[in-house]
Colleague: 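Take a look at the following structure, please.
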Number of protein chains: 2
Amino acid sequence: MPVTKEQIARFEAACRTHGLKITQQRLEIYRTLHQSTSHPSAEALYRQLVRLMPTLSLDTVYRTLATFEELGLVKRVETTGNQSRFEARTEQHHHFFCDNCGQLLDFTWPTFDSMPLPDELEQMGQIREKNLVLHGLCSRCLAGKNNNKQNTGP
Amino acid sequence: MPVTKEQIARFEAACRTHGLKITQQRLEIYRTLHQSTSHPSAEALYRQLVRLMPTLSLDTVYRTLATFEELGLVKRVETTGNQSRFEARTEQHHHFFCDNCGQLLDFTWPTFDSMPLPDELEQMGQIREKNLVLHGLCSRCLAGKNNNKQNTGP
DNA sequence: TTAACTGCAAAACATTTGCACAACC
DNA sequence: GGTTGTGCAAATGTTTTGCAGTTAA
């Protein structure tokens with residue numbers, strides 16, 4: 001997914017609004033995450049980025065992702081693993097997690113998104129977001145092409 | 001939620017089937033998690049259990065939870081946090097996560113459970129499980145009673 | 001110029017593992 | 001009695017933080 005001018009503009013606007021400097025590191029981290037469809041971990045993102053920016057450090061990636069998360073530019077994905085994974089996609093969507101290879105796939109389900117929630121939830125609090133996480137085996141693992149290689153991004 | 005004889009029997013049967021010994025530690029960890037509604041982390045479970053069993057160690061809790069997870073006696077909950085949280089409830093249900101206090105609440109939604117998934121997913125793989133995770137503010141935090149106390153169990 | 005940001009190194013936190021003794025069957 | 005499990009301690013993996021030099025505004 002290429003990054004559009006609009007998305008870069010949105011990123012720059014978000015930085016300016018919050019008094020953040022637009023640094024090379026921030027720009028590249030945002031751009032790379034936006035182009036990725038693999039929901040990479042901070043580590044995976046770092047491995048990819050350090051090839052372009054050899055002086056980049058892993059803790060800058062962590063710090064930057066945390067900052068972006070606060071601004072709402074980036075989201076942390078719901079997982080059962082012990083490494084956080086991130087995405088920059090902002091349209092409403094859901095995830096399918098392959099229990100064999102660890103791959104995360106996006107899908108949309110507008111019918112579900114517009115369904116009213118059960119009444120039981122009214123008493124529980126105020127809902128802001130609903131995320132669906134499916135578990136199973138991706139088609140590649142079903143075909144036996146992956147030997148349990150855990151995958152948290154490039 | 002009290003633990004029924006049936007659940008203990010199920011636990012013992014699962015152990016025997018897999019050639020696992022029924023130790024005090026395993027029994028108490030299972031019993032305590034089953035009684036809990038807070039989806040505790042390994043650490044939180046340990047803090048609670050060590051009061052009853054002063055010689056218990058944290059790594060036994062981790063090892064035991066991992067074993068139980070393999071047997072399907074216990075599930076790891078989908079979260080965005082970096083600490084795993086567990087539950088022993090086996091009926092189909094979903095979670096509401098309070099972004100302020102970190103509390104996890106269960107709810108059921110049979111209408112959703114029985115909904116067919118979108119066709120788009122057929123090509124993606126084989127689905128085994130669907131978990132819904134809602135985010136928002138619980139009623140207690142809405143009422144301003146919690147000052148951002150992060151809560152991962154007793 | 002100046003406040004914010006980065007990289008480094010070290011710390012903090014979460015989880016896993018090797019080993020010797022203890023507990024279950 | 002023999003195997004499996006536990007506790008201890010140390011290792012590993014992930015994320016955070018203090019600080020001093022660097023960079024964007």
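Residue numbers begin at 1 in each chain, while the letters A, B, ... track the order of the sequences.
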Colleague: Figure out the CG/C1' separation between A/L49 and C/dT6, and round it to whole Å.
Modeller: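 Distance, rounded to whole Å: 14 Å.
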Colleague: Quick one: is A/Q25 getting a side-chain N or O under 4.0 Å of the C/dG7 phosphate, OP1 or OP2?
Modeller: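 So the side chain of A/Q25 is within the cut-off, an N or O lying under 4.0 Å from OP1 or OP2 of C/dG7.
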Colleague: Could you state the CZ-P distance from A/R63 to C/dA11, rounded to the nearest angstrom?
Modeller: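 The distance from CZ of A/R63 to P of C/dA11 comes to 16 Å, rounded to the nearest Å.
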Colleague: Hey, which sits more toward the 5' end of DNA chain C by its nearest nucleotide, A/S57 or B/R16?
Modeller: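 It is A/S57 whose nearest nucleotide is closer to the 5' end.
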Colleague: Does A/T64 make a side-chain N or O approach to OP1 or OP2 of C/dC5 shorter than 4.0 Å?
Modeller: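 The answer is no; no side-chain N or O of A/T64 sits under 4.0 Å from OP1 or OP2.
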Colleague: Separation of A/L56 atom CG from C/dC5 atom C1', in whole Å?
Modeller: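 Interatomic distance, CG of A/L56 to C1' of C/dC5: 13 Å.
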Colleague: So where does chain B start and stop touching DNA chain D, 5' to 3', when the test is distance under 4.0 Å to a non-hydrogen atom?
Modeller: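 First-to-last contact on DNA chain D, by the 4.0 Å heavy-atom rule, is D/dG2 to D/dT15.
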Colleague: Can you tell me the distance, in whole Å, between the CD1 atom of A/I29 and the C1' atom of C/dT6?
Modeller: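 Atom CD1 in A/I29 sits about 10 Å away from atom C1' in C/dT6.
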Colleague: Give a yes or no on whether the ring-centroid distance for B/Y62 and B/Y46 is below 6.0 angstrom.
Modeller: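 Between B/Y46 and B/Y62, which both carry aromatic rings, the centre distance is not below 6.0 Å.
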Colleague: Between B/N82 (CG) and C/dA12 (P), how many Å, whole number?
Modeller: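 Those two atoms, CG and P, are 16 Å apart.
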Colleague: How long is the span from the CG atom in A/N100 to the CG atom in A/L137, to the nearest 0.5 Å?
Modeller: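 Spacing of CG (A/N100) from CG (A/L137) equals 6.0 Å.
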Colleague: If you find the nucleotide of DNA chain C closest to B/L20 and the one closest to B/A42, which residue's nucleotide is nearer the 5' end?
Modeller: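 So the residue in question is B/A42.
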Colleague: Parallel, tilted or perpendicular: which fits the ring planes of A/H39 and A/H93, with parallel below 30° and perpendicular above 60°?
Modeller: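 If you compare the ring of A/H39 with that of A/H93, the planes turn out tilted.
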Colleague: Could you state the CG-P distance from A/L58 to C/dA11, rounded to the nearest angstrom?
Modeller: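 Whole-Å distance recorded here is 18 Å.
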Colleague: Starting at CD of A/E69, measure out to CZ of A/R76 and round the result to the nearest 0.5 Å.
Modeller: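 Result: 4.0 Å between the selected atoms.
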Colleague: Starting at atom CZ of A/R26, determine the distance to atom C1' of C/dA4, rounded to an integer number of angstrom.
Modeller: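 In whole Å, C/dA4 C1' and A/R26 CZ are 8 Å from each other.
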Colleague: Think B/Y62 has a side-chain N or O under 4.0 angstrom from the OP1 or OP2 of C/dT15?
Modeller: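 Looking at the OP1 and OP2 atoms of C/dT15, one of them is under 4.0 Å from a side-chain N or O of B/Y62.
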Colleague: Working note: A/H94 + A/D106, criterion side-chain hydrogen bond (donor to acceptor under 3.5 Å, both in side chains); need CA distance, chi angles, decisive distance, verdict.
Modeller: CA-CA 6 Å; A/H94 304 284; A/D106 290 341; over 6 Å; no
Colleague: Ignoring backbone atoms, test whether A/T55 places a side-chain nitrogen or oxygen under 4.0 Å from the OP1 or OP2 oxygen of C/dG7.
Modeller: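 Checking C/dG7 against A/T55, a side-chain N or O does come within under 4.0 Å of OP1 or OP2.
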Colleague: Let me confirm one number: the CZ-CZ distance from B/R63 to B/R26, rounded to the nearest 0.5 Å.
Modeller: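 If we round to the nearest 0.5 Å, B/R63:CZ and B/R26:CZ are 10.0 Å apart.
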Colleague: Give a yes/no verdict on a cation-pi contact between A/K130 and A/F112, requiring under 6.0 Å between NZ or CZ and the six-membered ring centre and an angle within 45° of the axis.
Modeller: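 Ring-cation test returns yes.
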Colleague: In whole Å, what is the span from the CG atom of B/D59 to the P atom of C/dC21?
Modeller: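 Distance check: B/D59 CG to C/dC21 P gives 17 Å.
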Colleague: Please compare B/T60 and B/K21 by the position of their nearest nucleotide in DNA chain D and report the one closer to 5'.
Modeller: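 Result: B/K21.
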